[in-house]
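First up is the structure itself, then whatever we jot down about it.
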Amino acid sequence: RRCNAYTNNKNNKVLPTSPALVQNNQIAVISGRADYRLSFDITPTGTINDYGSILHFTTDNNCCNFGQRSPGIWFFKDNTRMHVRIGDSTDGNWGIDTDALPLNVRTKITLECKGKNVKLTVGAKVYTATQPTYRFAGNLVVYASDPWHPAAKAVISNLRYKILPAAEVNEAVTSQRHYMSNLQDEEMNVAEKENMDN
């Protein structure tokens with residue numbers, strides 16, 4: 001089952017807001033960014049004897065090359081604990097795991113990735129992590145759920161993917177630019193001093 005319908009609205013990537021979780025259900029192809037906010041409501045209705053796929057943003061496959069889980073979200077086997085893989089240039093399977101969600105209760109999920117800061121909000125609980133290096137940016141296929149795992153027993157709604165403003169993006173790159181600028185200043189100062197000494 002495939003659905004490629006989506007529209008862009010400035011920084012918003014408008015996905016189907018309430019896609020049915022069906023294995024191999026492609027719902028969009030988007031231009032993903034390293035800094036983004038993904039949010040949705042989820043109501044678990046049961047568990048399965050496998051990882052249950054909820055959402056999977058990927059370049060082309062399941063795991064674990066860079067970009068193949070950007071992000072990917074599952075329930076653990078026989079559980080409603082969430083397995084949230086965000087991916088990193090050094091580890092395509094890097095991410096956060098959560099406590100179990102209550103069955104038959106709607107829970108708000110928000111994953112915000114901004115620079116080195118990663119924050120996952122699950123209902124009233126907040127999980128934080130520091131990105132080891134940097135996240136993938138580029139074209140992503142979006143599944144709800146993916147071809148490689150059975151679909152989770154759950155209902156999702158209010159699905160949103162938003163690119164964060166450029167002013168808030170890429171703290172690591174900004175720091176690197178400052179470092180390179182300072183390094184160039186130091187080299188210029190050394191060169192000027194050598195010219196004066198000569």
Side-chain angles (χ1 to χ4, degrees), residues 1-77 79-89 91-98 101 106-113 118 120-122 134-164:
R1 180 183 177 187
R2 295 176 183 270
C3 173
N4 291 320
Y6 73 98
T7 57
N8 291 343
N9 179 13
K10 294 184 179 179
N11 288 335
N12 292 292
K13 302 295 184 182
V14 182
L15 306 176
T17 58
S18 302
L21 297 187
V22 180
Q23 188 172 15
N24 197 23
N25 181 20
Q26 180 182 318
I27 61 171
V29 178
I30 68 169
S31 178
R33 295 294 184 270
D35 290 52
Y36 62 88
R37 182 183 300 113
L38 174 67
S39 62
F40 58 95
D41 297 336
I42 186 165
T43 305
T45 59
T47 61
I48 62 173
N49 190 33
D50 200 342
Y51 281 86
S53 175
I54 301 167
L55 292 167
H56 193 160
F57 294 64
T58 179
T59 52
D60 58 358
N61 216 321
N62 175 33
C63 188
C64 290
N65 291 334
F66 188 38
Q68 290 182 337
R69 295 186 167 188
S70 294
I73 303 175
W74 297 261
F75 283 143
F76 279 98
K77 175 181 177 181
N79 212 309
T80 59
R81 293 179 57 227
M82 295 181 73
H83 186 55
V84 182
R85 304 294 90 183
I86 297 157
D88 185 79
S89 67
D91 179 3
N93 201 36
W94 180 83
I96 299 171
D97 296 329
T98 77
L101 276 61
R106 185 169 62 181
T107 301
K108 176 74 173 179
I109 310 295
T110 303
L111 172 62
E112 183 172 287
C113 300
V118 176
L120 175 63
T121 305
V122 181
Y134 57 91
R135 291 172 297 278
F136 177 83
N139 290 337
L140 293 168
V141 181
V142 185
Y143 291 101
S145 57
D146 69 30
W148 306 285
H149 302 86
K153 288 187 176 180
V155 176
I156 65 173
S157 58
N158 299 316
L159 176 60
R160 298 285 186 275
Y161 180 97
K162 182 176 182 180
I163 295 170
L164 297 181

Atom of [X], atom of [Y] and distance for their closest heavy-atom approach:
| X | Y | value |
| --- | --- | --- |
| T59 | L140 | N-CD2, 3.9 Å |
| P147 | N24 | CG-OD1, 3.2 Å |
| L38 | P71 | CD2-CG, 3.8 Å |
| C64 | N93 | SG-CB, 3.8 Å |
| A34 | A137 | N-CB, 3.8 Å |
| P16 | P19 | O-CD, 3.2 Å |

From [X] [atom1] over to [Y] [atom2], what is the distance, rounded to the nearest 0.5 angstrom?
| X | Y | atom1 | atom2 | value |
| --- | --- | --- | --- | --- |
| D91 | S89 | CG | OG | 9.5 Å |
| Q26 | D146 | CD | CG | 11.5 Å |
| Y143 | I27 | OH | CD1 | 11.0 Å |
| E112 | K162 | CD | NZ | 10.0 Å |
| M82 | W74 | CE | CH2 | 10.5 Å |
| L111 | S39 | CG | OG | 9.5 Å |

Do the side chains of [Y] and [X] get nearer than 4.5 Å, heavy atoms only?
| X | Y | result |
| --- | --- | --- |
| L21 | V155 | no |
| I156 | L55 | yes |
| D35 | C113 | no |

Short side-chain donor-acceptor distance under 3.5 Å, Q68 and N62: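 The answer is no; no qualifying pair exists.
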
Ring pair (Phe, Tyr, Trp, His ring centres under 6.0 Å) against F136, all qualifying residues, sequence neighbours excluded: F66

Over 60° means perpendicular and under 30° means parallel, so classify the ring planes of F76 and Y51, tilted if in between.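 Answer is tilted, since the angle falls between 30° and 60°.
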
Assign the ring pair Y36 / Y161 to parallel, tilted or perpendicular, where the plane angle (0 to 90°) is split at 30° and 60°. parallel

Quick check: are there more than 12 heavy atoms from other residues, nucleotides or ligands sitting under 6.0 Å from CZ of R106? no

In a table with atom names and distances, give each donor-acceptor pair under 3.5 Å that connects a side chain of residues 40-50 to protein atoms at least two apart or in another chain.
from : atom 1 : to   : atom 2 : distance (Å)
D41  : OD2    : N158 : ND2    : 2.6
T45  : OG1    : K153 : O      : 3.3

Donor-acceptor under 3.5 Å ([X] side chain, [Y] main chain):
| X | Y | result |
| --- | --- | --- |
| T110 | T121 | no |
| R69 | I86 | no |
| N25 | A144 | yes |

Evaluate the side chain to side chain contact (heavy atoms under 4.5 Å, CB included) criterion for residues L15 and I30: first the C-alpha distance (whole Å), next the side-chain angles of each, then the deciding distance (0.1 Å), finally the verdict. CA-CA 9 Å; L15 306 176; I30 68 169; 3.9 Å; yes

Should D97 and R85 count as an ion pair when the cut-off is N to O under 4.0 Å? yes

